[in-house]
Amino acid sequence: MGTSLTRADGSALRVLVVDDEPNIAELLQMALRYEGWDVRTADTGRKAVAAAKDFAPDAIVLDMMLPDFDGMEVLRKVRAFAPDIPVLFLTARDSVEDRVAGLTAGGDDYVTKPFSLEEVIARLRGLMRRAGALDARPSSVITVGDLTLDEDSHEVTRAGQEIDLTATEFELLRFMMRNPRRVLSKAQILDRVWDYDFGGQANVVELYISYLRKKIDAGHKPMIHTKRGAGYVLKPAD
């Protein structure tokens, strides 16, 4: 996970997300930005084609079912001016069989809904690597104040002291450290750490925030703060 894909000039990769369900589009946008990518969204086929021209994305996440024309039509129009752009299709379970042969023949890929965000990101990375996006940023370490987290080795330290975290605590901390000083709502945290099809209760977030506080903030100035009615924020203690 550690190395970030970038364009050859070192700038962020661009991903266009096309889905007419606002919550899915927003969730994907947030997750892909968290990976360090530049993201735009469109909610119709027409807007998708216009955005593909204007934004020149490195990859497109494209819902098969759109209100004006379907994903295959969007693909045909986009390929007319950007023949090599990789596309990851989002499809409903029941429409998969007949479409897949056509999709994957063009070197594209698909995921079925409901999907996990990790799967979408992994598939996009694979598509963009095959399309020649380059690895940069060798460091996998995130630092906020005196707290460091290594995405490859999963080591976490505060003021040089190692902290043992469970897999879920690690994911939660990583999300907060990737977004320092930003207030993250319980819904955002549930979506990112537990995936959008989790359907879980917000109290699981409170529970894990309390676990993290005991491990991260014990004996130190607190870094994890509650913003009443809004969510949680992680920031340097000083």
Side-chain angles (χ1 to χ4, degrees), residues 1-19 21 24-42 48 51-52 55-64 71 74-75 78-79 82-91 96 99-100 102-142 149-155 167-168 170-179 188-189 191-198:
M1 246 336 248
T3 51
S4 173
L5 293 169
T6 59
R7 295 186 142 193
D9 65 359
S11 64
L13 283 174
R14 295 175 189 170
V15 183
L16 173 62
V17 173
V18 185
D19 198 306
E21 293 180 61
I24 292 181
E26 195 178 320
L27 187 57
L28 284 167
Q29 183 175 42
M30 193 172 79
L32 299 178
R33 281 193 176 144
Y34 170 82
E35 292 299 313
W37 298 339
D38 189 358
V39 187
R40 269 205 208 164
T41 61
F55 184 49
D58 297 289
I60 301 177
V61 178
L62 180 57
D63 191 13
M64 272 297 205
V74 172
L75 182 66
V78 168
R79 286 272 153 89
D84 300 324
I85 196 162
V87 175
L88 178 68
F89 286 96
L90 306 177
T91 88
V96 177
R99 308 284 182 115
V100 171
L103 306 187
T104 48
D108 297 298
D109 204 350
Y110 74 98
V111 291
T112 54
K113 291 180 174 182
F115 50 80
S116 86
L117 291 169
E118 294 301 334
E119 184 184 13
V120 169
I121 288 161
R123 298 293 181 91
L124 267 181
R125 282 172 173 273
L127 279 175
M128 290 195 279
R129 275 211 178 89
R130 292 201 290 278
L134 300 175
D135 271 321
R137 208 194 68 177
S139 170
S140 61
V141 177
I142 310 172
L149 175 147
D150 188 320
E151 294 183 292
D152 289 342
S153 69
H154 278 218
E155 284 170 4
T168 303
F170 180 85
E171 273 308 313
L172 175 56
L173 183 62
R174 172 158 75 170
F175 182 39
M176 296 184 84
M177 288 182 71
R178 285 264 189 108
N179 294 277
Q188 284 176 311
I189 293 170
D191 286 340
R192 180 59 199 146
V193 179
W194 281 272
D195 290 335
Y196 87 93
D197 51 0
F198 173 69

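Values in this document were obtained by computation on a predicted structure and should not be read as measured data. Numbers here are sequence positions counted from 1.
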Task: Donor-acceptor pair, side chain of Asp58 and main chain of Arg14, under 3.5 angstrom - done: yes
Task: Donor-acceptor contact present, side-chain Arg79 to main-chain Ile85, <3.5 Å - done: yes
Task: For Ala122, side-chain contact (heavy atoms from CB on, under 4.5 Å) partners two or more places apart - done: none
Which heavy atom of [X] sits nearest a heavy atom of [Y], and at what distance?
{"X": "Leu124", "Y": "Ala59", "value": "CD2-CB, 3.8 Å"}
{"X": "Gly36", "Y": "Ala12", "value": "O-CB, 3.5 Å"}
{"X": "His154", "Y": "Glu151", "value": "CD2-O, 3.3 Å"}
{"X": "Ile142", "Y": "Met177", "value": "O-CE, 3.4 Å"}
{"X": "Phe55", "Y": "Val15", "value": "CE2-O, 3.6 Å"}
{"X": "Ala31", "Y": "Ile121", "value": "O-CD1, 4.0 Å"}

Open item on the list: Take a 6.0 Å sphere around CD of Glu26 and say whether it holds more than 12 heavy atoms from other residues, nucleotides or ligands.
Closed with: no
Open item on the list: Before you tell me yes or no, could you show the steps for Leu90 and Val111 under side-chain contact (heavy atoms from CB on, under 4.5 Å), namely the whole-Å CA-CA distance, both residues' side-chain angles and the distance that decides it to 0.1 Å?
Closed with: CA-CA 5 Å; Leu90 306 177; Val111 291; 3.4 Å; yes
Spatial distance of atom [atom1] ([X]) from atom [atom2] ([Y]) [nearest 0.5 Å]:
{"X": "Tyr110", "Y": "Leu62", "atom1": "OH", "atom2": "CG", "answer": "15.5 Å"}
{"X": "Leu75", "Y": "Ile60", "atom1": "CG", "atom2": "CD1", "answer": "7.5 Å"}
{"X": "Ile24", "Y": "Lys113", "atom1": "CD1", "atom2": "NZ", "answer": "4.0 Å"}
{"X": "Met30", "Y": "Asn179", "atom1": "CE", "atom2": "CG", "answer": "8.0 Å"}
{"X": "Leu173", "Y": "Arg178", "atom1": "CG", "atom2": "CZ", "answer": "11.5 Å"}

Task: Test side chain to side chain donor-acceptor pair (under 3.5 Å) applied to Glu155 - qualifying residues, sequence neighbours left out - done: none
Open item on the list: Could you work out, with side chain to side chain donor-acceptor pair (under 3.5 Å) as the rule, every residue matching Glu119, not counting sequence neighbours?
Closed with: Arg123
- [ ] Anything under 30° is parallel, anything over 60° is perpendicular, the rest tilted; go ahead and classify Phe175 against Tyr34.
- [x] perpendicular
Open item on the list: side-chain contact (heavy atoms from CB on, under 4.5 Å), that's the test. Do Val17 and Gln29 meet it? Break it down for me.
Closed with: CA-CA 7 Å; Val17 173; Gln29 183 175 42; 5.5 Å; no
TODO: Report yes if some heavy atom in the side chain of Val61 is under 4.5 Å from a heavy atom in the side chain of Asp19; otherwise report no.
DONE: no
Task: Passing candidate, side-chain contact (heavy atoms from CB on, under 4.5 Å) with Asp109, options Val120, Val87, Leu88 - done: Leu88
Task: Asp63/Val18 under side-chain contact (heavy atoms from CB on, under 4.5 Å): CA gap, chis, key distance, verdict - done: CA-CA 6 Å; Asp63 191 13; Val18 185; 5.7 Å; no
